[in-house]
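I'd like to ask you about the structure that follows.
Both backbone and side-chain heavy atoms feed into the values below; hydrogens, waters and symmetry mates do not. Whatever order the structure lists them in is the order used to number ligands and atoms, beginning at 1. The shown structure was predicted, so the numbers you read here are calculated from the model rather than taken from an experiment.
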Amino acid sequence: MNLNKYLWVSDEVKQALAENRPVVALESTIISHGMPYPQNVETALLVEQTVRESGAVPATIAIIAGKISVGITKDQIEYLGKKGLGVTKASRRDLPVLLSRGEDGATTVATTMIGAALAGIKVFATGGIGGVHRGAETTMDISADLEELAQTDVTVVCAGAKSILDLGLTLEYLETKGVTVIGYGTEELPAFYCRKSGFKVDYRLDKAEEIAAAIHVKNECGLSGGLLVTNPIPEEFAMDEAEMTAQIDKAVAMASELGIKGKEITPFLLDKIKTLTEGRSLEANIKLVLNNARLGAAIAKALCSI
Ligand code: PSU
Ligand code: MN
């Protein structure tokens, strides 16, 4: 790949990587499509600050004017947040046209992994990943995030997956693709807003150093693909399971009534769930992203000292 033509990396991130200092990648679809303005911009900046306070360099990734841009500026974050749904949500399949036309795009987990890998970043923290949607046996709606985890060597720290997805099928898919699912301090897959899901992770690891050791061994063995680290939302911010199940079911029913599908479905559901919980789901979402930023930084630090 002609790197300079399609990839831009900030000086700060370049220097940190060159000096083997920890860097944590951050995505931008969560800014444009995952949260409303202005909370999206406030959160994105707070996440960057949290990564810094935890001793790593943040690298928010987006597509700007046809370049996969790693370590975008505060102004660019503000621009993506204000433009919101008007920015193209860019997954792997969107890259050829966006880059050739010199356009902008907000990167999903899949494309943020691609950008991170190209820049040489090993750890990426976010809120939630895409997965196998409920009803996928007829819609075939399976996020490209899962295929990316299968092939691109970046560790993704998330808060598990929310039950807008079929969590059981998502775990089966990850197993088929050889993606290790780690629970940080938990045996149970966290369900984003809630700490429990009723499903088991592959391995419980209690320390960032243990996670870094697993990543290191995977690299040494030349095993391709990412690792998925699931980090439960802190107890004090977790939402009631029965309430969330009921509200998510309502939101999913609305989406199916309105015939919403494809790339629109996740942003639609997030927005509906926010309204149905009177904004409380957004508060929980912000807290869990910050929690993941801290763990991502700890893993990146531990990796640098191996
Ligand atoms: N889940 C969230 N917030 C988000 C997303 C998922 O709680 O913002 C975004 C992420 O960018 C993820 C994408 O990669 O949605 C998945 O979309 P799709 O299912 O269309 O691949
Ligand atoms: Mn989809």
How about Ile164 and Ile273: do any of their side-chain heavy atoms sit closer than 4.5 Å?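 They are in contact (side-chain heavy atoms under 4.5 Å apart), so the answer is yes.
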Test your reading of the model: is there a side-chain donor-acceptor pair from Ser28 to the backbone of Ile31, 3.5 Å cut-off? no
Check the side chains of Tyr37 and Glu78 for a donor-acceptor pair under 3.5 angstrom, ignoring hydrogens and angles. yes
His33 heavy atom under 4.0 Å from ligand 1: no
Note: Arg134-Asp141 ion pair, threshold 4.0 Å (strictly below): no
For the residue pair Tyr184 and Glu210, confirm or rule out a side-chain donor-acceptor distance under 3.5 Å. no
Quick one: which ligand 1 atoms are inside 4.0 Å of a heavy atom on Gly128?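 The atoms of ligand 1 under 4.0 Å from a heavy atom of Gly128 are 1 (N), 6 (C).
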Can you tell me which residue and heavy atom of the protein come closest to atom 3 (N) of ligand 1, and the distance to 0.1 Å? Leu270 CD1, 3.4 Å
Assess whether atom CD of Glu137 is packed by more than 12 heavy atoms of other residues, nucleotides or ligands within 6.0 Å. yes
May I ask you to check whether Ser143 has an N/O atom sitting below 3.5 Å from an N/O atom of ligand 1?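 The answer is yes, given that Ser143 and ligand 1 share an N or O pair closer than 3.5 Å.
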Ligand 1 to Phe192, heavy atom cutoff 4.0 Å, flagged ligand atoms 7 (O)
Short list, please: which atoms of ligand 1 are under 4.0 Å from a heavy atom of Ile30?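 Within the 4.0 Å cut-off of Ile30, ligand 1 contributes 8 (O).
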Are any of the N/O atoms on Lys162, whether in the backbone or the side chain, positioned under 3.5 angstrom from an N/O atom of ligand 1?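 The answer is yes, given that Lys162 and ligand 1 share an N or O pair closer than 3.5 Å.
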Taking atom types as modelled, is there a side-chain donor on Glu27 or Thr126 under 3.5 Å from an acceptor on the other?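 Yes, side-chain donor-acceptor contact under 3.5 Å.
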So which atom in Phe199 and which in Ser197 form the shortest heavy-atom distance, rounded to 0.1 Å? N-OG, 3.0 Å
Any side-chain donor paired with an acceptor under 3.5 Å for Thr152 and Glu148? yes
Atom 11 (O) of ligand 1 [closest protein heavy-atom partner, distance rounded to 0.1 Å]: Glu27 OE1, 2.6 Å
Report the nearest protein non-hydrogen atom to atom 15 (O) of ligand 1: residue, atom name, distance rounded to 0.1 Å. Thr266 CG2, 4.0 Å
So, is Lys263 polar-close to ligand 1, with some N/O to N/O distance under 3.5 Å? no
Run the salt-bridge test on Glu209 and Lys207 with the 4.0 Å N-O cut-off and return the result as yes or no.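 Judged by the 4.0 Å cut-off on N to carboxylate O distance, Glu209 and Lys207 do not form a salt bridge.
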Quick check: does Asp145 get an N/O under 3.5 Å from an N/O on ligand 1? yes
Gly34: numbered ligand 1 atoms lying under 4.0 Å from its heavy atoms: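 Contacts of ligand 1 toward Gly34, numbered from 1: 8 (O).
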Measure the distance from atom 9 (C) of ligand 1 to every protein heavy atom, then report the residue, atom name and distance (to 0.1 Å) of the closest one.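 Residue, atom and distance for the closest contact: Thr29 CG2, 4.0 Å.
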Would you name the N/O/S atom of Asp141 that lies closest to the Mn ion (ligand 2)? OD1
Less than 3.5 Å between some nitrogen or oxygen of Lys89 and one of ligand 1, yes or no? yes
